[in-house]
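Numbers restart at 1 for each chain; the letters A, B, ... are given by sequence-line order, proteins then strands.
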Amino acid sequence: MKIHEYQAKDIFKKYGLPIPNGIVAHNAHEAEEAAKELGTPVVVVKAQVHAGGRGKAGGVKLAKSPEEAGKIAAEMIGSRLKTYQNPEGLPINCVLVEAGVNIDKEFYVGLTLDREVSRPVLMVSAAGGMEIEEIAKTNPELIIKEHIDPAIGLLPYQARKIAYKVGITDKKLLSQFVKIAMTLSKMYFELDASLIEINPLVQTEEGNFICLDAKIDFDDNALFRHKDIQELEDTTQVDPLELEAKKWDLNYVKLDGNIGCMVNGAGLAMATMDTIKYYGGEPANFLDVGGTATVERVAAAFKLLLSDPNVKAIFVNIFGGIVRCDRIAGGIIEAAKQVDLDRPLIVRLEGTNVELGRKMLEESSLNIIPAKDMADGAQKAVKAAKGEL
Amino acid sequence: MSVLINKDTKVVVQGLTGKEGSFHAKQCLDYGTQVVAGVTPGKGGIIWEDDEKKYKIPVFNTVEEAVKETGANASLIFVPPAFAADAIMEAADAGIKLIVCITEGIPVNDMVKVKRALQGTGVRYVGPNCPGVITPEECKMGIMPGHIFKKGRVGIVSRSGTLTYEAAYQLTQRGIGQSTVIGIGGDPVPGTTHKEAIEMFNNDPETDAIVLIGEIGGTMEEEAAEYIKERVEKPVVAYIAGVTAPPGRRMGHAGAIISGGKGDAQSKMAALREAGAYVCNTPAEIGEMVEKALKERGLL
Ligand SMILES: Nc1ncnc2c1ncn2[C@@H]1O[C@H](COP(=O)(O)OP(=O)(O)OP(=O)(O)O)[C@@H](O)[C@H]1O
Ligand SMILES: [Mg+2]
């Protein structure tokens, strides 16, 4: 689960991490008042959306007066911000008005799981700021990494090692940096974060460290033990179709193609999309209905697929596992009736009692095209979407 | 022969009295697996019976007791996500050397800690979030439909449950059996990796060929490719799901920095091809490709 920068900064504050003074504003008036209250010669107005790369996309702007801050806020709030990390764009419902900081140097600090070694890794670079992904590609050696032993957490010597390598030698700055790094490690485990990122961590002209940006992602599987974090969820930042899918415990991602897919299991769902593409089609979505494909859930999934006007054909690919195919077939027929299916439906079923399941599909009054295997089904779906079947 | 489990494996089911545990324990028993004990804290002393009253299995409060009383040497875990890490550690502490954890949705940090704790202990755990392990016609420790498997000499390792079934079924339909099939699961911190599974198959004299089914994300397949290149003479057939998967909407940069260009389907397929594996374009080709590989080497 993602949260906004201002929420992440609230958490940072609770853990004693240095952040600039800032006030959340929901309209121009509030932004202007916030700038007045902050009282600094320059304030920064920052769009609050669940995506990074805001600076590059015009979502982070300097204001030299409260009026200007109000004007910027008026332009931002109510619009959508498209960044390279979220090309469809996200609605801006509020901005963070923040005291301008005199930047001497920008560092990148990130903490996430390194799947290669099954441990969290702390990554720091003196080349922080908005170009960090470029740096990672062209000069990976500029990113210094230390893995964290989950049994003991980050140790001070590891933080010092990083600090020396990225050129932090001043005694005061070094001790501030070590404290920040240790705090991040503690937060990562205590909050069950999957990502904590400060980009940039700024060394100010006054010689202090301050966290100018804050991003925290949480492990969805661990939210059950963090009720307070659950409350930070902002559903306006989630695609409405994906939100609807989540209600039914369906894993859905919308894409641009015209063949709707409904599959059990994430791996098979991806493979189904790949197979459609291999035969010249374009999948309209990723949809994993999971192991328990009940009538209600299949019906909900059909509704999702049909709500996309681009969808010209639907390919259902189910490997029955332990659930018998006749029951799955029954569920598909019932669900298709409930939603008034108006587009060609290609169904591939496999597993226990498959003959019975196929027979039920064939004998139903619905326009169902049975497929004998995955490749056959994908080819038929591609043809159907082109209107050739 | 096979890897990990065989007809002599004695299984304790942690979470036997729960809905999932009961249902699948019966399926395992029907398949011929020796399920010898169940563990549910607070229910020790009762005798578990399946819905048809075909089997009677003693339930214990702790794995330690279950092992002492029944000689169980492998554990199959169905406990809810919040308690699953604890269950794995309990099994390991009771001296069990093979643990298969089916549970889906365990917090990642829990598994990071378990992995760290079990490192170097000689405990092999598979999963979580996996279909389990099966040695066809001998022992099934998991939730897979037993009838699609057939005894034979091809090892399968896969991150995805349904793709495992897809592959095994294609082989079975062609009359090609499997030595052992290992579902390592889809979580970011798996107990057993592709490379470790391939190493086991490579060392198993009764496995002739290996099927590796991977997906995008992480670097397990690249790591396996390196091992295959250096050590594996047996034919390896591979499929990687996710060529068309869109890049996830993200918020930070850490993911992009850490993967450093690895992790997508193309890079995984390239690494495997480089290592000499037969790489399939679609999962529908797996059966055909294994048959071809076995014939080319005179193994069929
Ligand atoms: N309070 C501030 N005072 C001065 N400059 C700031 C302030 N906040 C942000 N900036 C500048 O704006 C840039 C972009 O802001 P920020 O890092 O918060 O957003 P972002 O572009 O979404 O981040 P990222 O590129 O890491 O996704 C920063 O790198 C920094 O140079
Ligand atoms: Mg930033």
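At a 4.5 Å heavy-atom cutoff, A/Arg54 makes no contact with chain B through either its backbone or its side chain. For A/Ser118, the parts lying near chain B are the backbone and the side chain together; criterion is any non-hydrogen pair under 4.5 Å. Neither the backbone nor the side chain of A/Asp373 comes within less than 4.5 Å of any heavy atom of chain B. Heavy atoms closer than 4.5 Å to chain A are found in the side chain of B/Ala284, but not in its backbone. Residue A/Glu116 touches chain B through both its backbone and its side chain, counting heavy-atom pairs closer than 4.5 Å. Within the 4.5 angstrom heavy-atom criterion, only backbone atoms of B/Ile106 (N, CA, C, O) approach chain A. Contact annotation for B/Glu285: only side-chain heavy atoms (C-beta onward) come within less than 4.5 Å of a heavy atom of chain A. Neither the backbone nor the side chain of A/Val263 comes within less than 4.5 Å of any heavy atom in chain B. Both the backbone and the side chain of B/Ala82 come within contact range of chain A, with heavy atoms under 4.5 Å apart. Contacts of B/Gln173 with chain A are absent, with no heavy-atom separation under 4.5 Å from either backbone or side chain. When heavy atoms are compared at a cutoff of 4.5 Å, B/Ile213 does not approach chain A at all. Looking at A/Phe224, the atoms closer than 4.5 Å to chain B (heavy atoms on both sides) all sit in the side chain, from C-beta outward. Proximity to chain B involves both the backbone and the side chain of A/Tyr188, based on heavy atoms less than 4.5 angstrom apart.
Among residues 272-280 of chain A, the residues having any heavy atom closer than 4.5 Å to a heavy atom of chain B are, in sequence order, A/Met273, A/Asp274, A/Thr275, A/Lys277, A/Tyr278.
Taking 4.0 Å as the cut-off between side-chain N and carboxylate O, B/Lys26 and B/Glu52 count as a salt-bridged pair. Comment: B/Arg124 does not engage B/Glu199 in a salt bridge, judged by the lack of any side-chain N to carboxylate O separation of less than 4.0 angstrom. Using a cutoff of 4.0 Å between basic side-chain nitrogens and carboxylate oxygens, A/Asp114 and A/Lys145 are not scored as salt-bridged. The existence of a salt bridge linking B/Glu222 and B/Lys268 is confirmed by a sub-4.0 Å separation between a basic side-chain nitrogen and an acidic carboxylate oxygen.
When all heavy atoms of B/Leu76 and B/Cys28 are compared, the closest pair comes out as CD2-SG, 4.1 Å. Across B/Pro136 and B/Phe149, no two heavy atoms sit closer than the pair CG-CB, 3.9 Å.
Heavy-atom contacts from other residues, nucleotides or ligands closer than 6.0 Å to NZ of A/Lys186 number 12 or fewer.
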Steps toward ring-ring contact (aromatic ring centres under 6.0 Å, His included) verdict (A/His226, A/Phe218): CA-CA 10 Å; A/His226 301 282; A/Phe218 299 95; 7.5 Å; no
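Contacts with chain A were tallied for B/Val112, B/Thr162, B/Ile240, B/Thr282; B/Thr162 has the most, counting heavy-atom pairs under 4.5 Å. The residue among B/Lys115, B/Lys113, B/His147, B/Glu166 with the most heavy atom pairs within less than 4.5 Å of chain A is B/Glu166.
Side chains of B/Arg174 and B/Glu288 form a contact here, defined as non-hydrogen atoms less than 4.5 Å apart. Looking only at side-chain heavy atoms (C-beta outward), A/Leu113 and B/Val189 come within less than 4.5 Å of each other. B/Val108 has its side chain out of reach of A/Ser194: every pair of non-hydrogen atoms, C-beta onward, lies at least 4.5 Å apart.
The aromatic rings of A/His4 and A/His50 are tilted relative to each other, their planes meeting at an angle between 30° and 60°.
Counting only N and O atoms by type, the side chains of A/Tyr84 and A/Glu133 include a donor and acceptor under 3.5 Å apart.
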